[in-house]
Protein chains: 2
Amino acid sequence: MTIHASGSCDQCSLKLLCLPVGLPDSELWQLDEIVQRRRPIAKGQLLFRMGAPFHSVYAVRTGSLKTVLLADDGTEQVTGFTFAGEMLGLDAINRSRHPVSAVALESTSLCEIPFDKLDLLAGHLPSFRQHVMRTMSREIASDESLLALLGQRNAEQRLSAFLLSLSMRFRARGLMADHFALSMSRADIANHLGLTQETISRLFTQFRKQGLIEIHTRDLTLLDLDSLHRIAGIRFEPLSRIA
Amino acid sequence: MTIHASGSCDQCSLKLLCLPVGLPDSELWQLDEIVQRRRPIAKGQLLFRMGAPFHSVYAVRTGSLKTVLLADDGTEQVTGFTFAGEMLGLDAINRSRHPVSAVALESTSLCEIPFDKLDLLAGHLPSFRQHVMRTMSREIASDESLLALLGQRNAEQRLSAFLLSLSMRFRARGLMADHFALSMSRADIANHLGLTQETISRLFTQFRKQGLIEIHTRDLTLLDLDSLHRIAGIRFEPLSRIA
DNA sequence: CGAATGTTTGATGTCCATCAAACGCCGTGG
DNA sequence: CCACGGCGTTTGATGGACATCAAACATTCG
């Protein structure tokens with residue numbers, strides 16, 4: 001077994017997020033063997049570009065990214081944000097090309113998993129195969145929730161739902177659920193929610209005046225989760241890419 | 001090998017759509033063995049209800065369905081439409097519950113594939129495993145396109161993109177790409193596209209006056225695909241769930 | 001420090017939702 | 001066969017939520 005410079009899956013604090021639970025040690029090394037740790041990419045750097053050939057999927061170790069779909073006429077859609085413990089690139093399997101670009105929102109380190117090796121491992125490790133399928137299934141369901149958000153909810157509902165979704169994802173990773181830094185810009189949030197940055201900005205000040213949040217540029221505190229839930233109007237677990 | 005009342009996968013005209021290409025006959029019978037043909041469900045009937053436990057995925061043989069996500073406050077989102085040769089239920093793997101309801105838009109017949117058996121087969125048939133992963137990947141990518149549609153495009157862009165997407169899906173199945181029946185109501189289309197039925201109705205008449213389409217209630221003819229593409233503003237292959 | 005980028009706030013406009021009503025289609029039963 | 005009721009569709013009038021345009025302000029980074 002090769003020793004990797006940046007540690008093994010066994011020791012990774014995120015293994016509960018990005019690995020099947022209960023994968024025995026006797027099998028963990030097989031995954032360890034195929035995972036490549038890459039050196040961090042800087043803020044603003046592309047992990048992969050839309051249209052580029054697909055070779056690997058990625059798991060985020062630290063940092064965060066946005067995924068962006070670029071239309072012919074130049075309009076962009078931020079299709080999602082990816083945080084530590086979450087997977088990236090599963091949408092590229094079908095056409096063997098990435099349908100979106102992935103851009104680091106801050107200095108970000110990743111694990112790269114070559115897809116051919118992932119597939120082989122999925123062939124003879126049922127729990128790993130099921131984990132991969134669950135991960136993809138979750139992403140479909142999560143996109144469906146987001147569709148409902150964009151299709152049926154107004155601006156304040158969208159933003160509160162988005163903030164709550166971030167909160168849940170941070171909590172799932174053992175981080176503070178009611179106080180965290182936004183790694184993305186207002187423009188990114190706005191684009192993702194089908195709104196404009198001005199609207200997001202206005203809503204932030206409105207939420208602050210209502211005592212729902214505290215926010216200083218990118219430093220966000222959720223003060224009243226109940227009210228945010230009431231505004232969002234959904235019992236909620238959408239947008240999340242983690243269990 | 002069991003003989004099924006409704007024929008085998010081998011004989012199915014849709015096998016190019018819902019099976020991996022090049023699956024040798026020597027392996028096809030294994031899939032045939034686990035596929036259950038169900039008697040057709042009537043228009044308006046539920047195939048499964050949101051929240052119901054997940055056991056199987058489905059392939060549509062004839063007819064069509066809509067998938068609907070119901071929020072706590074009663075608002076609904078039509079997350080998609082499913083036609084012959086397409087799969088249904090893959091979003092339920094993660095939580096072992098269906099995150100959406102599936103409703104037949106017309107009399108519809110399906111093949112049911114118990115998930116535990118599908119998983120086993122995926123374990124020892126690489127081409128089948130890859131086909132399943134590609135199918136899920138395609139659904140993610142397609143949802144991302146739809147997000148871009150809802151997030152960035154106006155009403156006439158959404159509708160023309162939707163019509164073109166239907167056209168492509170029909171063509172993929174060997175049906176006429178420029179003349180077909182809409183199995184869903186104006187309200188379903190509107191909801192799916194994040195608009196109202198009045199807006200859809202107005203756009204249909206507008207498109208008709210512009211000579212882009214001909215439409216009599218549900219009977220649609222696309223007269224000017226180029227203009228529709230120009231309006232949609234996308235080179236296009238979104239929304240599609242088929243290759 | 002200064003330029004570039006991101007954020008806030010205000011004034012105005014518009015696309016589409018909402019409300020309302022008539023019309024057409026289609027299946028049911030007299 | 002036609003009358004009827006229900007549902008889906010069309011069309012019009014009005015309004016509102018959010019985009020757009022514009023400018024000041026804050027933050028980041030070379």
Side-chain angles (χ1 to χ4, degrees), chain A residues 42-45 66 73-78 103-107 149-163 181-210 213-220 231 233, chain B residues 42-44 66 73-78 103 105-107 149-163 181-210 213-220 231 233:
Chain A
K43 173 175 176 173
Q45 293 290 110
K66 63 175 172 180
D73 62 357
T75 62
E76 297 186 352
Q77 172 71 26
V78 174
V103 184
L105 295 171
E106 56 194 313
S107 180
L149 200 67
L150 295 196
Q152 309 297 332
R153 327 298 277 182
N154 67 23
E156 62 172 356
Q157 292 175 317
R158 292 186 205 187
L159 183 59
S160 49
F162 174 72
L163 296 180
L182 299 172
S183 56
M184 71 291 292
S185 69
R186 305 286 192 270
D188 287 335
I189 296 172
N191 180 297
H192 182 54
L193 298 178
L195 302 167
T196 59
Q197 55 183 325
E198 293 95 327
T199 298
I200 297 297
S201 184
R202 280 183 245 272
L203 285 172
F204 272 141
T205 51
Q206 175 192 321
F207 283 0
R208 181 168 41 199
K209 285 177 182 169
Q210 294 172 334
I213 65 171
E214 225 174 80
I215 187 164
H216 303 96
T217 56
R218 303 253 180 133
D219 182 75
L220 177 67
I231 292 172
Chain B
K43 173 176 176 173
K66 61 176 173 181
D73 63 358
T75 61
E76 297 187 352
Q77 171 71 27
V78 174
V103 184
L105 295 172
E106 56 194 314
S107 180
L149 201 67
L150 295 196
Q152 310 296 331
R153 328 298 274 182
N154 67 24
E156 62 172 357
Q157 292 174 317
R158 293 186 204 187
L159 183 59
S160 49
F162 174 72
L163 296 180
L182 299 171
S183 55
M184 71 292 289
S185 69
R186 305 285 191 271
D188 287 335
I189 296 172
N191 181 297
H192 182 55
L193 298 177
L195 302 167
T196 59
Q197 55 183 327
E198 292 94 328
T199 297
I200 297 298
S201 184
R202 279 184 245 272
L203 285 172
F204 272 140
T205 51
Q206 176 191 321
F207 282 1
R208 181 169 41 199
K209 285 176 182 169
Q210 293 173 336
I213 64 171
E214 224 175 79
I215 188 166
H216 303 97
T217 57
R218 304 264 180 121
D219 182 73
L220 177 67
I231 291 172

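Throughout, protein chains are lettered first and strands after them, A, B, ... in sequence-line order, and every chain is numbered starting at 1.
The NZ-P distance, from B/Lys209 to D/dT10, rounds to 12 Å in whole Å. Between the CZ atom of A/Arg202 and the C1' atom of D/dT20 there is a distance of 10 Å, rounded to whole Å. When the P atom of D/dA24 is taken as reference, atom CD of A/Glu198 falls 16 Å away, rounded to whole Å. Residue B/Asp219 contributes atom CG, which lies 13 Å from atom P of D/dT9 at whole-angstrom precision. D/dT10 atom C1' lies 13 Å from atom CD1 of B/Ile213, rounded to whole Å.
Contacts of A/Asp73 classified as salt bridge (Lys or Arg N to Asp or Glu O under 4.0 Å), with partners at least two apart in sequence or in another chain: B/Arg153. Applying the side-chain hydrogen bond (donor to acceptor under 3.5 Å, both in side chains) test to B/Gln206 and every residue at least two apart in sequence or in another chain returns B/Glu156. Considering only residues two or more places apart in sequence or on other chains, A/Thr196 meets the side-chain contact (heavy atoms from CB on, under 4.5 Å) condition with A/Glu198, A/Thr199.
Considering CD of B/Glu76 and NE2 of B/His192, their distance stands at 14.5 Å, rounded to 0.5 Å. With values rounded to the nearest 0.5 angstrom, A/Phe162 atom CZ is found 4.5 Å from A/Met184 atom CE. Rounded to the nearest 0.5 angstrom, A/Leu182 CG and A/Ile215 CD1 are separated by 5.5 Å. Note that CD1 of B/Ile189 and CZ of B/Arg158 are 14.0 Å apart. Values are rounded to the nearest 0.5 Å. Interatomic distance, CG of A/Asn191 versus CD of B/Gln152, reported as 4.5 Å (0.5 Å rounding).
Within the 4.0 angstrom heavy-atom criterion, only backbone atoms of the sugar-phosphate kind lie near B/Ser185; the bases stay farther away. Nucleic acid contact for B/Arg208: none, since no nucleic acid atom lies under 4.0 Å from a heavy atom of the residue.
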Tabulated below should be each protein N or O lying under 3.5 Å from an N or O of nucleotides 16-18 of chain D; please produce it.
residue, atom, partner, partner atom, Å
D/dC18, OP1, A/Ala155, N, 2.6

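Comparing B/Ser201 and A/Thr217 by the nucleotide of DNA chain D that holds the closest heavy atom to each, the one mapping nearer the 5' end is B/Ser201.
Remark: side-chain polar atoms of B/Arg186 are paired, donor with acceptor, to backbone N or O of B/Thr217 under 3.5 angstrom. Proximity of a side-chain donor or acceptor of A/Gln77 to a complementary backbone N or O of B/Leu149 within less than 3.5 Å is not detected. Here the side chain of B/Gln157 pairs a donor or acceptor atom with the backbone of B/Asn154 at under 3.5 angstrom.
Reading DNA chain C from its 5' end, the first and the last nucleotide to sit under 4.0 Å from a heavy atom of chain A are C/dG6 to C/dA11.
Over its length, the helix from C/dC1-D/dG30 to C/dG30-D/dC1 turns its helix axis by 40°, as judged from the five terminal pairs at each end, rounded to 10°.
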